[in-house]
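These notes concern the structure reproduced below.
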Amino acid sequence: MNSRGCRSKMKKAIGGLTLSFAMVLSLTAPTGVEAAKSPKMSKSQVNVSVGKTVTLKLKNVAKKAKVKWTSKSKKIAKIMKSTRKSAKIKGVKAGKATIKVTYKLGKKSRTLSCKIVVKGKSTVKVTASPSPSATAASNTPVPSTTPDASTSPDVPEQAFKWVTTWGTAEERCDATDSAMPKMALTDTTVRQIIRVTTGGNKLRLRLSNQYGKSDVEIQSLHLAKQIKADASTIDVSTDTPVTVNGEEEFIIPKGKVILTDEVEFPVDALENIAVSAYFGEAPRDNITGHRGARATTYQVSGNQVSEERFSSAKTTTSWFFLADASIWSPEDSRAVVCFGDSITDGYGTDATYLGKKPDSYTRWIDYFAKRLQENEGTTNVSLINEGIGANSILGSYPTDAGKDRFARDLLEHDGVEYCIILFGVNDITNLWETSKYNLLIPEYKKMIQLCHENGIKVYGAPILPFGTSDSYTESSEKVRTMINDWMRSEESGVDGIIDFESAVADPNNPKNILEKYTHEDGLHPYDGYSAMADAIDLSMFE
């Protein structure tokens, strides 16, 4: 055999040995090598500007692993798109949020997280083909055919954001039988009236089934302008369907709050909007809403969402499943949360024994909204009424204690920059000693701190007098005075005082509300709400 043939046989032998050794390795090496490495986030903390996106990556993802990305604070950082190995996160508004990823492989599960710090303000450039969320508000006109910014460098940037223009505090309507729908909701249309406090061209709703024990099925939801404040009649030319994820039929899941899609719906400040919903399957109890609408809600059988007027309608003065409405507004727009009890809720504005009726819009917030619109520097300031009748800071009636609902009612809305706290009178009625003071002050401090942590200015409103009320005691008056003195002191940390107390108090006997305002009630300033609104220094909101 020549040397060339010998070398050839040796190569074949070595090749076979190498192949056999590789096979042995494949048989002895552990399977699922990917699973042997623990999954981990690419970063533990990232910064992103408002309106910009950042991509988070998950390393060491096994092929059979299940991955779910979630945002703990969607109002600050929103997940735009996600895969098993990455997620694109958009900064919504300034603040801090946490993005979590749940990783499951077989029976094992673990959760990883990354902190998101969102900085800056929202700006949206209006181009020839604006996205649905980038249409200007009515008081900032935009040409219908704006040139492409890439070819026209002089085109100005239009900055907009979502700002809540109307809102209410969710509670269980069945706390009071009279606040419930007059017919079972299923296969009925309910027309509810809300009054926006600012204007714009684009609107969306937040719908709540927070206290529901079952889903709410909406088969059709429409908006239209109300013709007359105390009638069901609508301007049919403004009738506009509302969708959720592009579908006219949708579900509000039990225990959840959802956002509708945005709709083109031009509306002026202080206009009334009819929200007409046709219900499929819906609960008969644990209905989330608000008992003190002070506006008439109309209910009829069948699907009549687009009917001009309802005949033989059943009525109540509650809202059902409505949490707030937001308008796509100029960047300098801002919202004020008005947090309180029945005085903020407007108790007495529909008192029949005084000749008052629903749909009068005579709460102090209604008068305040008018003043804001009449003042050039505050036309872009909207109001959110978070008052609940009979509610207290420490007590849970009718649904949640004030201390427990404050974070929700402050932070669930869009564009909030101010908060007015007029709260606590129900905590201090019928007292026989003063220890309640020591329980209430820490709760006020928590509220004030939460506002400041979220960049919100907070104004304290001293508790109104109630000396002629059946609930008055000397101990109650002492605690009221102590709380008000603390609130006015530097120790409270509030950014200012709104002195409703002096506006309605009897100057000759300051422990009482003027009789002409409170009549025989003694606690609620039935005819003093306009005086309260007049006491507000509008420069505090400019």
Side-chain angles (χ1 to χ4, degrees), residues 167-180 208 210-211 257 286-295 317-320 322-324 336-351 363-365 383-413 419-431 436-437 439-448 450-451 458-466 469-472 476 479-480 483-484 487 500 521-526 529 532:
T168 190
E170 301 102 303
E171 55 176 321
R172 278 181 52 183
C173 286
D174 48 6
T176 306
D177 289 342
S178 61
M180 292 288 283
S208 176
Q210 178 179 349
Y211 301 107
V257 179
N286 295 301
I287 291 177
T288 301
H290 187 83
R291 297 169 299 135
R294 320 293 172 200
T317 51
S318 299
W319 288 304
F320 308 116
L322 297 179
D324 74 19
V336 185
V337 165
C338 303
F339 189 71
D341 44 46
S342 57
I343 295 174
T344 295
D345 206 14
Y347 184 86
T349 59
D350 51 359
R363 291 163 288 208
W364 68 261
I365 287 180
L383 301 178
I384 307 166
N385 191 330
E386 294 295 336
I388 294 182
N391 197 217
S392 58
I393 293 174
L394 302 174
S396 60
Y397 185 83
T399 303
D400 293 310
K403 65 183 180 62
D404 298 324
R405 68 180 177 92
F406 182 71
R408 177 199 72 181
D409 293 347
L410 179 75
L411 303 176
E412 75 169 359
H413 308 292
C419 178
I420 299 172
I421 299 176
L422 173 61
F423 206 16
V425 68
N426 291 325
D427 291 275
I428 64 171
T429 55
N430 296 308
L431 294 183
K436 204 73 169 286
Y437 172 83
L439 298 176
L440 291 170
I441 294 301
E443 300 303 332
Y444 284 117
K445 288 181 177 180
K446 290 176 187 176
M447 294 179 194
I448 293 164
L450 186 64
C451 288
V458 54
Y459 298 135
I463 299 173
L464 306 189
F466 55 99
S469 166
D470 293 339
S471 301
Y472 174 85
S476 294
V479 174
R480 186 184 77 87
I483 291 172
N484 290 354
M487 190 174 288
F500 293 141
D521 182 289
L523 180 66
H524 302 92
Y526 291 60
Y529 289 123
M532 290 173 64

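Just so you know, these numbers come straight off a predicted model, no measurement behind them.
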N/O donor-acceptor pair under 3.5 Å between [X] side chain and [Y] backbone:
X      : Y      : answer
Thr288 : Gln210 : yes
Ser476 : Leu431 : yes
Thr176 : Ser178 : no

(message) Within the 3.5 Å criterion, strictly below it, is a donor on Asp521 or Tyr526 matched to an acceptor on the partner's side chain?
(response)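 There is such a pair between these side chains.
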Might you point out which heavy atoms bring [X] and [Y] nearest each other, and give the distance in Å?
X      : Y      : value
Gly289 : Cys173 : CA-SG, 3.6 Å
Glu386 : Phe339 : O-CD1, 3.8 Å
Ile463 : Gly424 : CD1-C, 4.0 Å
Leu464 : Pro525 : CD1-CG, 4.1 Å
Ser392 : Phe423 : C-CZ, 3.6 Å
Ile393 : Leu440 : CB-CD2, 4.0 Å

Listed by chain and number, what are the salt bridge (Lys or Arg N to Asp or Glu O under 4.0 Å) partners of [X], not counting sequence neighbours?
X      : result
Asp427 : none
Asp174 : Arg172
Arg363 : Asp366
Arg291 : Glu171

(request) Identify the residue among Asn385, Leu383, Ile365, Ile384 that makes a side-chain contact (heavy atoms from CB on, under 4.5 Å) with Val336. (result)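 The single option meeting the side-chain contact (heavy atoms from CB on, under 4.5 Å) with Val336 is Leu383.
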(request) Take Tyr529 and Thr349 through the test side-chain contact (heavy atoms from CB on, under 4.5 Å) and record every step on the way to the result. (result) CA-CA 9 Å; Tyr529 289 123; Thr349 59; 3.6 Å; yes
Pairwise distance [atom1]([X]) to [atom2]([Y]) - rounded to 0.5 angstrom:
X      : Y      : atom1 : atom2 : value
Cys451 : Ile420 : SG    : CD1   : 11.0 Å
Ser471 : Leu523 : OG    : CG    : 6.5 Å
Ile388 : Tyr397 : CD1   : OH    : 11.0 Å
Tyr472 : Ile428 : OH    : CD1   : 10.5 Å
Leu450 : Cys419 : CG    : SG    : 9.0 Å

(message) Apply side-chain contact (heavy atoms from CB on, under 4.5 Å) to residues Met532 and Leu422 and explain how you reach the verdict.
(response) CA-CA 11 Å; Met532 290 173 64; Leu422 173 61; 3.8 Å; yes
(message) Show, in sequence, the C-alpha distance, side-chain angles and deciding distance for Tyr444 and Ile483, and conclude whether the side-chain contact (heavy atoms from CB on, under 4.5 Å) test is met.
(response) CA-CA 10 Å; Tyr444 284 117; Ile483 291 172; 3.8 Å; yes
(request) Evaluate the side-chain proximity of Arg294 to Tyr347: yes if any heavy-atom separation is below 4.5 Å, no if none is. (result) yes
(request) State, with a plain yes or no, whether a side-chain heavy atom of Met447 is found less than 4.5 Å away from one of Val458. (result)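 The answer is no; the side chains never approach within 4.5 Å.
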(request) Provide the full list of salt bridge (Lys or Arg N to Asp or Glu O under 4.0 Å) pairs with a residue in residues 393-406, sequence neighbours left out, each pair given once. (result) Arg405-Asp409
(message) Holding to side chain to side chain contact (heavy atoms under 4.5 Å, CB included), I want the full list of residues that pass it with Thr168, two or more places apart in sequence or in another chain.
(response)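 Expected list: Trp166, His290, Trp319.
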(request) Give a yes or no on whether Asn430 atom CG has more than 12 heavy-atom contacts from other residues, nucleotides or ligands under 6.0 Å away. (result) yes
(message) Show, in sequence, the C-alpha distance, side-chain angles and deciding distance for Arg480 and Val425, and conclude whether the side-chain contact (heavy atoms from CB on, under 4.5 Å) test is met.
(response) CA-CA 8 Å; Arg480 186 184 77 87; Val425 68; over 6 Å; no
